[in-house]
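Quick caveat: nothing in here was measured; it's all calculated off a predicted structure. Indexing begins at 1, ligand by ligand and atom by atom, following the structure's order.
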Amino acid sequence: MEAAQPALFPVDQLVGPRGPEEVSRVRELAKACSSCRLHETRTHVVFGTGNTLRPRVAFVGEGPGANEDAEGEPFVGRSGQLLDKMIAAMGLKRKDVYICNVVCCRPPDNRRPQPDEVFACRGYLFAQLRAVQPEVIVALGMTATEVLLNKAKKAKSVREKWHNWEGIPLRATFHPAYLLREPTQKKAAWDDLKAVMLKLKIED
Ligand code: URA
């Protein structure tokens, strides 16, 4: 007999409840999640943090690294330090924004999350975004962009234009880890963030 599959968090369940209480409810469900293999090797479930009540921006990364897994917070390592600088350069503070990832558990050896892991976790991501209702979503890197736009696209063709996710304006930019490897792309990333600032009516 086949082993029973763990239940996935239902992607379509959420249309109504919004705000901090809903985020807490989903966080508790995520903390107990064993829907994919990543739960076997995680130290912490790394759930989203920040402003849960209509933040100016929700930044969506790929998945926790070693530091995030150890601390249970998204973007606390080197990529996080760069993301902090990006947020500050936009004239915002961490408390103004929401920060989360496509997958809540660390993929071993910092590999990209596999399609079934993304599929298992995307309900938590969607539920967080629906609950916090950011003014703008910024997808950091291709994993977040592909999941939120529901298609595989070339980095070149997704940047420099507005998309939308469930009616929320979405901009794609480079992942901070990529920018650490390719600092020459920082100028292009800054152009992406300036487009977000313009949308949010933040003075440059
Ligand atoms: N990279 C990510 O995509 N997310 C984190 O939380 C840290 C590094």
Item checked: Asp191 and Arg159 ion-paired at < 4.0 Å -> no
Check: Does any pair with a residue in residues 77-89 pass side-chain hydrogen bond (donor to acceptor under 3.5 Å, both in side chains), and if so which ones, sequence neighbours excluded?
Finding: Asp84-Arg94
Note to self: For Lys31, give me all partners under salt bridge (charged side-chain N to carboxylate O under 4.0 Å, His left out), at least two apart in sequence or on another chain.
What the structure shows: Glu28
Check: Which pairs count as side-chain hydrogen bond (donor to acceptor under 3.5 Å, both in side chains) when at least one residue sits in residues 58-68, sequence neighbours excluded?
Finding: Glu62-Thr143
Notebook entry, point to check: How about His175 and Phe59: are their ring centroids closer than 6.0 Å?
Noted result: no
Checklist line | Salt bridge present between Arg54 and Glu135 (N-O < 4.0 angstrom) | finding: no
Next item on the list: Using a strict cut-off of under 4.0 Å between a residue heavy atom and any atom of ligand 1, list the qualifying protein residues by chain and number.
Entry: Gly61, Glu62, Gly63, Glu68, Pro74, Phe75, Asn101, His175
